[in-house]
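Single-structure report; data block below.
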Amino acid sequence: MRSSALRNINVQLGLLLLLCVGLFHAAVTAILFLSEPVPGAPRDLSASIVVAALTALDAASAAERPAIATAFNANLPGFHVALSAPGVAARNKGHPAYFRSRLPVGVEIEAHDDDKQFSGSLHDGQKFVLDAPTRHPGFSRFAIITLGFVAISLFVFALWAALSLTRPLTNFANAAESFGLDGVPAQLAETGPAEIRKATRAFNRMQRRIAEMASQRTRMLTSVSHDLRTPITRMRLRAEYIESSDTKVKLLRDLDQMEAMVRGCLDYLRGGFQQEVVALDLASLLQAVVDQFCDVGADARYEGVDHVNVLGSPEDLERAFSNLIDNSIKYGKSPEVRLLESDEAAVVEVVDRGPGIPQEKRESMLEPFERGDVGASSNVNEGFGLGLAIARAIVEAHGGRLTLDERTGGGLIARVSLPKAELETKRNKLSK
């Protein structure tokens, strides 16, 4: 029972905090104790100077004392010794504890004003008045260094202990970020406090269930693809025997729409884009895609850097940028494809001069079956709202990001950011 309670992250953090505070308190207490004056010792530096000054004056002759007092007053800022003519020696009214054994025999002293002023007489009866401002010694250099070392050591220890507690959480977050539907999901090690272990077990079970569901979906989609395309093909063949040209055209158009919808759904739900990837020149790929659209009469143009490498599947990236350019042609006319380069990423902007998309709808437009033309008909040439969704799925499968932004002066900017790859990068698999 006790072992189970100690695995609780709240208990561990509480004990860690208590331990650090306790160790620091013990260290400070020890340093204060070691630096505490011994019994009878003063708590300021001026007392030792008072003893030295009075000892020197008492040892000198009466003729030498004025010069010594003048030297003390000149060289010890804040201290002042005033001598008077010798007289009857003062009676001891109770030495302060510190001076009791330190002053020469016959020297009497009395403290006034919280040990800031002293009066008394030397062994021959000459009286004095001495002003000595309080000077607190503070910590010694050794105490300060020791205290700093203890504080730094406790900080390092607390940081290490906290990281050891939070590392399982970091691994958990990284596993969640990298989770994908491609391949067999890696099982996360069940370490750390009890709450993290429980969450890790649930996460591993969730990964397995999702992977199984994705595998079942892929098999189902493969079967649906075959089952749908077969009757569509048969209907297309039978439509050739229809004599009415108007009915035949409408039927063939519906069949084209059905086939395009099936193909678009399968492209989006293909799940993973698992083709082998290589280091490719993104500038050449974009130029080739733009040239394909220009060959069929589209007014598109490319501008940007001449060369930048990314790691990806040429077919998938070509499909993604073709979808973006096709959308720009349909709704914006005359798209411009720009390729920019930063330190870590290649940025592609597909810019058009169309009506654009309101800011509150841009994120939803990246979801499947979302269309900006609400009143559009179901004509196959107007699409099914899958182009942007497929493009985003491909870009994210390559470790990139697709966003929609407003063009200054009207229009839309579809911005794709892809991580750059070194030229020597070899064939690899996209990591999800």
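Contact of the Leu103 side chain with the Leu54 side chain is registered, since non-hydrogen atoms from C-beta on lie closer than 4.5 Å. Proximity of Tyr302 to Leu339: side-chain heavy atoms (C-beta onward) are separated by under 4.5 Å at one or more points. A 4.5 Å side-chain heavy-atom check between Leu57 and Val81 finds at least one atom pair inside the cut-off. For the pair Ser322/Phe293, a side-chain contact is recorded, criterion being any heavy-atom separation below 4.5 Å from C-beta on. A 4.5 Å side-chain heavy-atom check between Gln292 and Glu318 finds at least one atom pair inside the cut-off. Between Glu303 and Val337, every side-chain heavy-atom pair lies at or beyond the 4.5 Å cut-off. Put simply, the side chain of Leu122 reaches to within 4.5 Å of the side chain of Arg65, judged on heavy atoms. In this structure, the side chains of Val289 and Leu285 come closer than 4.5 Å at one or more pairs of heavy atoms.
The two atoms that bring Ala60 and Ile68 nearest to each other are CB-CD1, 3.4 Å, heavy atoms only. For Leu311 against Ala279, the heavy-atom pair with the smallest separation is CD1-N, 3.8 Å. Here the closest heavy-atom approach between residue Leu317 and residue Gly312 is recorded as CD1-CA, 4.2 Å. Smallest separation of non-hydrogen atoms from Pro419 and Gly399: CD-O, 3.6 Å. Of all heavy-atom pairs between Val310 and Ala346, the closest is CG1-CB, 4.0 Å. The heavy-atom pair separating Val308 from Val305 by the smallest distance is CG1-CG2, 4.2 Å.
Once rounded to the nearest 0.5 Å, the distance linking OG of Ser121 with CG of Leu83 reads 11.5 Å. Here Phe321 contributes atom CZ and Asp326 contributes atom CG; the two are 14.5 Å apart, rounded to the nearest 0.5 Å. Expressed to the nearest 0.5 Å, how far CZ of Arg392 lies from CD of Glu363 amounts to 5.5 Å. Expressed to the nearest 0.5 Å, how far CD1 of Ile109 lies from CG of Leu130 amounts to 7.0 Å. Remark: Lys420 NZ to Glu341 CD distance equals 3.5 Å, nearest 0.5 Å. Once rounded to the nearest 0.5 Å, the distance linking NZ of Lys330 with CG of Asp352 reads 13.0 Å.
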His307/Ser284 under side chain to side chain contact (heavy atoms under 4.5 Å, CB included): CA gap, chis, key distance, verdict | CA-CA 7 Å; His307 177 80; Ser284 300; 5.8 Å; no
Please assess Arg338 against Val351 for the test side chain to side chain contact (heavy atoms under 4.5 Å, CB included), listing each intermediate value before the final yes or no.
-> CA-CA 8 Å; Arg338 305 169 183 169; Val351 185; 3.9 Å; yes
Apply the test side chain to side chain contact (heavy atoms under 4.5 Å, CB included) to residues Arg201 and Lys198: give CA-CA distance (whole Å), side-chain angles for both, the deciding distance (0.1 Å), then the verdict.
-> CA-CA 5 Å; Arg201 284 193 294 270; Lys198 183 177 180 181; 4.1 Å; yes
Take Leu324 and Leu388 through the side chain to side chain contact (heavy atoms under 4.5 Å, CB included) test and state the conclusion after the steps.
-> CA-CA 7 Å; Leu324 296 177; Leu388 289 176; 3.5 Å; yes
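Every residue two or more places apart in sequence or in another chain was checked for a side-chain hydrogen bond (donor to acceptor under 3.5 Å, both in side chains) with Ser342, and none qualifies.
Put simply, the side chain of Asp58 gets close to the backbone of His123: a donor and an acceptor are under 3.5 Å apart. The closest donor-acceptor contact from the side chain of Asn309 to the backbone of Leu282 lies at 3.5 Å or more, if one exists at all. Counting only distance, with no hydrogens or angles, the side chain of Asn75 and the backbone of Ala71 share a donor-acceptor pair below 3.5 Å.
Salt bridge absent: Glu336 and Arg407 never bring a charged side-chain N and a carboxylate O closer than 4.0 Å.
Around the CD atom of Glu406, the shell of radius 6.0 Å holds no more than 12 heavy atoms that belong to other residues, nucleotides or ligands.
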